[in-house]
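Worksheet for the structure shown next.
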Number of protein chains: 2
Amino acid sequence: MRVAFIVEYDGTDYAGWQIQKNDITVQEKIEQALLTLGKGHITVFGAGRTDSGVHAKGQCGHFDIESNIPAEKFAFILNSCLPRDIRVKKSWEAEGDFHCRFSAKGKRYIYRIVNAPHASALMNRFTMHVPEKLDVDLMRVAAEEIKGTHDFAAFCAAGSSVKTTVRTVSRLDVEKENDIISIIVEGNGFLYNMVRIIAGTLIEVGKGKKTPRQVKEIVEGKVRKEAGMTADAKGLTMDEVFY
Amino acid sequence: MRVAFIVEYDGTDYAGWQIQKNDITVQEKIEQALLTLGKGHITVFGAGRTDSGVHAKGQCGHFDIESNIPAEKFAFILNSCLPRDIRVKKSWEAEGDFHCRFSAKGKRYIYRIVNAPHASALMNRFTMHVPEKLDVDLMRVAAEEIKGTHDFAAFCAAGSSVKTTVRTVSRLDVEKENDIISIIVEGNGFLYNMVRIIAGTLIEVGKGKKTPRQVKEIVEGKVRKEAGMTADAKGLTMDEVFY
């Protein structure tokens with residue numbers, strides 16, 4: 001049967017989702033936990049490859065297994081073997097043609113910034129610290145220039161090989177609560193580092209280093225080096241995958 | 001001059017606030033950071049001694065120093081030397097008769113519980129996981145029995161030596177948002193482990209193992225072993241000190 005699951009992880013101590021030769025990853029930890037079932041190696045798929053240090057609240061994954069164990073029980077079995085910074089939130093039996101990556105209609109990411117003179121000790125693992133006061137209203141105006149269907153070549157890490165860099169950002173909200181600014185991004189697909197480059201660009205707008213009009217030109221210009229820096233991995237959380 | 005400060009810390013990796021012989025503590029880390037000023041050893045005082053593993057969002061401290069540095073700058077100086085899980089949020093010049101502990105009028109603590117079948121990876125450091133469904137309404141009724149001025153002997157860790165175990169709990173709210181239950185406790189003073197024993201007792205009420213009427217009898221009976229367990233340190237955060 002095909003078992004789908006939702007997994008939450010604190011990515012601080014992991015080299016991202018996908019298995020690497022010389023680093024510890026989330027996929028590897030889940031595959032190791034499945035080994036305890038005595039069925040040999042079972043490959044686990046994920047909806048998105050989060051980068052090193054990036055977190056997930058609602059990563060979705062799946063694997064195939066021959067077993068009489070009810071699919072709902074796998075969340076408990078996996079959690080009994082996984083480290084505490086990786087928690088399966090639920091598991092269920094999926095249709096045979098469900099694929100966590102290819103069946104996904106979209107994803108939501110949240111990028112969190114502590115905008116205060118001093119960083120936060122409690123939120124340190126999950127936020128980027130920007131001490132300079134950010135103009136949230138300007139960030140919102142610039143976000144409108146990024147939202148929509150565009151060629152996002154300017155927001156894609158160099159060296160990435162994809163057929164097309166056209167993507168649709170269906171939501172790009174900038175919210176502020178106390179010292180925390182959250183950039184909420186939804187879309188049907190994302191280029192490599194795209195959300196972190198969007199966050200880095202909006203941070204530069206907030207600092208007054210780029211204008212919303214310049215952001216419009218950056219989108220149209222399609223040149224990576226014109227956009228902002230790639231914001232720190234630790235501020236990014238994959239919030240939810242839509243099906 | 002006397003410099004007061006607010007400090008936030010993730011207590012996971014510390015043996016509490018107060019200096020210990022063979023363990024790393026928050027007070028020690030701040031005193032070490034002050035050493036870099038070249039003024040020799042400066043003792044740092046804290047409003048409350050948080051236990052090993054307990055966090056603070058608004059611990060207040062003070063120290064005396066002869067210096068021409070504006071008091072506001074000490075937050076920046078300390079943060080440049082402190083580990084990232086300890087952050088001074090602000091510093092200011094206090095009156096000479098201000099004492100972070102003895103001038104305090106009260107404190108607010110928040111105890112956080114993840115009440116869901118599976119724990120949270122992202123909130124793991126700051127929450128206790130209770131998988132059994134808790135009855136929040138019953139917990140609120142029981143909280144009313146604890147609120148007020150009582151002899152809290154039943155809610156004080158054994159072996160504690162204090163003149164009186166009478167204290168006033170001025171606020172004891174149980175709030176729920178999604179899977180997170182927060183127990184918010186305010187009072188003018190707290191006995192050793194008092195907030196964690198209150199949390200442990202309310203959790204037993206939520207599970208149906210104790211009734212609100214029994215909690216009333218526990219308060220009146222003043223016997224520690226009748227009250228609930230001491231809830232995990234990691235769920236507790238010292239939220240604010242009132243002056």
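Here is the naming used below: chain letters follow the sequence lines, and residue numbers restart at 1 for every chain.
Residue A/Lys90 places its NZ atom among 12 or fewer non-hydrogen atoms of other residues, nucleotides or ligands, all under 6.0 Å distant. By the 6.0 Å contact criterion, CZ on B/Arg2 is enclosed, its count of non-hydrogen atoms from other residues, nucleotides or ligands being greater than 12. Remark: B/Arg140 CZ is packed, more than 12 non-hydrogen atoms of other residues, nucleotides or ligands lying under 6.0 Å away. Within 6.0 Å of atom CZ in A/Arg171, more than 12 heavy atoms from other residues, nucleotides or ligands are found, so the atom counts as buried in its surroundings. A/Ile24 CD1: 12 or fewer foreign heavy atoms inside a 6.0 Å radius. No more than 12 heavy atoms of other residues, nucleotides or ligands shown are found within 6.0 angstrom of OH on B/Tyr192.
Looking at B/Val7, there are no atoms closer than 4.5 Å to chain A (heavy atoms on both sides), in backbone or side chain. Both the backbone and the side chain of A/Leu122 come within less than 4.5 Å of a heavy atom of chain B. Proximity to chain B is limited to the backbone of A/Ala56, based on heavy atoms less than 4.5 angstrom apart.
Of the inter-residue distances, the one linking A/His118 atom NE2 with B/Leu82 atom CG reads 11.0 Å to the nearest 0.5 angstrom.
Looking only at side-chain heavy atoms (C-beta outward), B/Pro117 and A/Lys89 stay at 4.5 Å or farther from each other.
Heavy atoms only, all atoms of each residue included: A/Ala121 and B/Ile86 are closest at CB-N, 4.0 Å.
Checking each of B/Glu8, B/Lys57, B/Arg84 against A/Ser120 for a side chain to side chain contact (heavy atoms under 4.5 Å, CB included) leaves exactly one that passes, namely B/Glu8.
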